[in-house]
Amino acid sequence: MYQGEPESLGRKAFDEVLTRFPNHADSRIQTGVSHIFSVFRTPPETTAKALRVFLKTAEQTNTPVVVQIDTEHWWDARPDLWNWWDATKPGYDPANRQNVEWTGWSPEQAIKIAWRNWGKQIRVLPQPNLASARYVEACLVEIRRLVPIVLEWQGRLPEDKKHLLIGIKLGHKTSIGGSSYHYEGGNDLLLKPEGNDPVLTFDAEKVLSRGRAQMGYAAVKTSGIRTSGSIAESDLRDVCQRYLETLCLEATKLGVPREKLFAHGVGWKDGELLYDVPVNSYACPGWSFYKHAVDPRQDKGVQRNLGKTDAPYWAACEYWLPSGEANAWRDALKRTLAAPRCRYVCVFNWENMAVYPDIAKGIHQIVDAAPQRIIETIFQQPEITAKDVETCVIGELHPQSERFYVRLGNYGKTTPLVPQEWDAGRFTGLQVPAGCQRGLSAVTDATAVQVNGREIGIWIDSDHPRPALGSLLPITPAYWWWDMSRAPTPFKIADRELSMSFDLKVPTATKTGKAIPYITMNFLFRDARSQQQFWLAASLYDPRGKAALPDTVHVDNWEGGTQLPILFSALNHESQWLHPGPASAMFTDKTFDAYRKIEVRVTSAEIRAALVAMKKAMPKLTAVSEVPSDYQLIHFNINPEVYAPQGSRGQLGLSLRDIRVELISH
C-alpha cells in the first residue's frame, strides 16, 4: 500500500490481511487495517484520493480501520518548507532555516540532512522544527483537509457500520532526535557518497542526543523555553507535547470525539519524560511497543501516564514483538489486549509475517478464540413513543408490575408531571420531538426528562425545584421485579457474567458550594435464603475523582434512602467487585459531549468477594449467604444524582440510550 498510488489501497491489499485473519462477527477482537498517510510525501490531491480509496474499501469489506495522519516524516513534497540551502532546487528560501532543526542556538547551525534507521540506516530530509509557526500551520492545513473526509465518510455509514472507524491517529513516534537524527558535521556529508556515512548505535540511555549530534535547539528557542545554555530533558518533552496537543486540538475543533482520536508517542529509556508527549485533554494516548510488547504493564513510562490520564482509551499504536514463536505472540497479545482501556493494537512490519509464519499462528490463537456469547437478554430498553411518555416518566408513584420507568425521586408529590416546551437539549445533548419532555414545572430551565425512542435525556437543577427531603435529587431510569418468582438468578451458573450496557454522554455538570453532581449504575440483589438485600454500585462520573471512590461498604442512609448496604466502586479495573466490559469507557471526573459505550460486568467471584467484604464491614449480617447462586437480581437502575445541601447548587445534564442487561459466557 502506497498513497502515491491510490489504487494500491484498494481491495487487493485489504484481502491480503483478511484472507489470513478473517473476522468473526461475534468475536470481541476484530481484525482491522491501518495506514499511515504522510501528508507531505505526495501532492495533497493524491493523498486525499488515496484516503478516499482506503475508506471506501474499508466499507466494502466491512473492515475496521485506523487512519494515521503523519506530519513529521517524509516531507519530500514540501521543499518550500525545508530547502534553505540549494538555490538550484524548488522551494529555496534561506528563511526555511526556521523550519528545520539546529545543532546549536543559531539558525547558522540549521541542518541540511538527517538519518533514519527503521531496519537499516538511510538518509532523509532534516528533522522539522516542531515549534515553527509555518511548519505547524502547514500541518494544520493538512489535518483540516483530511479529517473532514474521514468524518464525512463515517457520517454516511449506516448505524451498524459506524464502528468501522476505530480512530484517527496523529503524531508518529513524536520526538526530537529519535526517528530522525543527525551526526556531528553531518552537513558536510550531504554531497559525499552515502557509503561514507557514519553508523553510530542508538543509545537509549542518553535521553537528549541518543549518542548522536544534539538537536532541539530550534524548537526549544522558538517555543520560548530557553535561548541559551544546555537543553534539558523536560525541554524536549514540552516541545513535542505542545506540538502534538496543537494537532489534536485542531482535530477536536473539526469534530473528532476524544474516543476516536489517538496521539502517538514513544519512549526508549524506561520511564523517561518523552512518554508524557501523547497525553493531552483532546486525545487518547498511544505508544510504540517493542521492548515492552511482551507485557505493557512493565513499561514504567506508559503506566505512569495511564495513571494520570482521564482518556477513555489508550492504544498500542505501533507494536512488534521481537520473537518468531507462536505462543510468545499469543501470550503477549493476550496481556496487551486485556490491559485496562486498551482500544487497539497495531502490528507493524507486516512483511515479516511471511518470514516468520509462526507469528501468524500466534495471532490466530487470539482472533480465533471462542468469542464471548450472550446467553440471555434479561432486559432490553423498550422504544418509547410520545404517547408512552406519560406512563414511562413518573414521580413518587409506586412503580406498577415488572416495567421500565424513569423515576424522579425526592420531589414530593410530583404527579402528574407537566409537559415542557423549552428545549432541555442544550444541557443534555439530546433533541426530542414536541411532546417528549416532562418536568416538575413548565418553567424554562427547570429539572426535566426527555424520552424518545431508546434515548433518555435528564436535566437536574437542584434549585428548580429543591428536594422535598434532605439534599439529594435522583432521577433514575430503572426496572423493578415485584414478583420474586420472576426475578432472575444471574449467578446460578458460575461461568456467566452479569452485564449492564448502554451509551452515555455527560455534556453538563456544574457545582457551587458543597454540591456534587454524579452518576452511578446500580444492581439490587436479594439473598433468597436470608431475604437480605444489598446494592452493588459502579460510579461512572464524579468530579471528586477516582481516588475518592475506592471499593467501599456503606449504608444507603440518606433521608429517603433504603437503609440497605451499598458496595460501591468506580468503574475501572482496580475494583474487586465488578469490572468494565472489553469495549467500555472508564470512570471519569470530566464531562464529555459524545456518546461513550459503558458496560459494567460482574462475575460470581466478584459477587463473592463483595459479600465477604460486606459481612466483614457489617458483622451483624452473619446470616447472609456467601454463595452467589443464592442471589436474585430484583432491581437495577442508572442513577444520575445531585447532592446539594442548603446554600449550594448543583446541575447535571446527560443523555443515555440502549440499556441492556445480559448474561454473557466467559
Side-chain angles (χ1 to χ4, degrees), residues 38 40-41 70-118 120-136 138-139 172-203 206-223 225-233 235-240 243 266 268 274:
S38 297
F40 300 137
R41 194 174 194 179
D70 166 34
T71 53
E72 296 162 41
H73 307 100
W74 318 117
W75 53 333
D76 309 63
R78 293 301 304 270
D80 59 308
L81 290 175
W82 51 260
N83 183 10
W84 62 266
W85 66 87
D86 192 341
T88 68
K89 298 289 179 64
Y92 172 71
D93 184 347
N96 285 338
R97 291 175 183 267
Q98 303 295 331
N99 302 326
V100 303
E101 260 309 330
W102 310 339
T103 55
W105 293 113
S106 167
E108 299 304 314
Q109 294 161 295
I111 65 173
K112 300 177 182 178
I113 184 174
W115 285 263
R116 179 169 299 138
N117 191 334
W118 287 351
K120 68 176 182 177
Q121 179 172 280
I122 61 171
R123 290 182 173 189
V124 293
L125 291 167
Q127 158 108 35
N129 172 359
L130 299 182
S132 160
R134 275 195 64 215
Y135 166 72
V136 171
C139 296
H172 186 46
K173 298 195 289 191
T174 301
S175 60
I176 295 174
S179 296
S180 183
Y181 53 89
H182 189 73
Y183 289 122
E184 296 290 348
N187 284 355
D188 296 336
L189 298 172
L190 181 61
L191 299 180
K192 296 181 179 180
E194 189 171 352
N196 295 337
D197 291 351
V199 179
L200 297 180
T201 302
F202 180 90
D203 191 339
K206 295 181 178 178
V207 296
L208 297 176
S209 69
R210 308 297 178 182
R212 285 84 174 244
Q214 181 63 58
M215 292 192 297
Y217 294 95
V220 170
K221 185 174 183 178
T222 306
S223 297
I225 295 173
R226 71 176 78 239
T227 59
S228 63
S230 299
I231 285 178
E233 181 184 0
D235 298 340
L236 300 183
R237 184 270 314 274
D238 292 350
V239 164
C240 294
Y243 162 76
V266 69
W268 288 281
L274 193 63

Do the side chains of [Y] and [X] get nearer than 4.5 Å, heavy atoms only?
| X | Y | answer |
| --- | --- | --- |
| Asp76 | Leu125 | yes |
| Asn187 | Trp85 | no |
| Arg97 | Glu108 | yes |
| Asp188 | Tyr183 | no |
| Asn96 | Trp82 | no |
| Thr174 | Leu130 | yes |
| Cys139 | Tyr243 | yes |

Which atom of Gly229 lies closest to which atom of Tyr217, heavy atoms considered: O-CE2, 4.5 Å

Please list, chain by chain and in numerical order, all residues satisfying side-chain hydrogen bond (donor to acceptor under 3.5 Å, both in side chains) with Glu233, sequence neighbours excluded. none

Do the ring planes of Trp75 and Phe40 sit parallel (below 30°), tilted (30 to 60°) or perpendicular (above 60°)? tilted

Hey, what do you get for CG (Asp235) to CZ (Arg226), rounding to the nearest 0.5 Å? 4.0 Å

Please tabulate, one pair per line, all N/O donor-acceptor pairs under 3.5 Å involving side-chain atoms of residues 110-118, not counting sequence neighbours.
{"residue": "Trp115", "atom": "NE1", "partner": "Asp197", "partner atom": "OD2", "Å": "2.9"}
{"residue": "Arg116", "atom": "NE", "partner": "Ser179", "partner atom": "O", "Å": "2.9"}
{"residue": "Asn117", "atom": "OD1", "partner": "Gly119", "partner atom": "N", "Å": "3.2"}
{"residue": "Asn117", "atom": "OD1", "partner": "Lys120", "partner atom": "N", "Å": "3.0"}

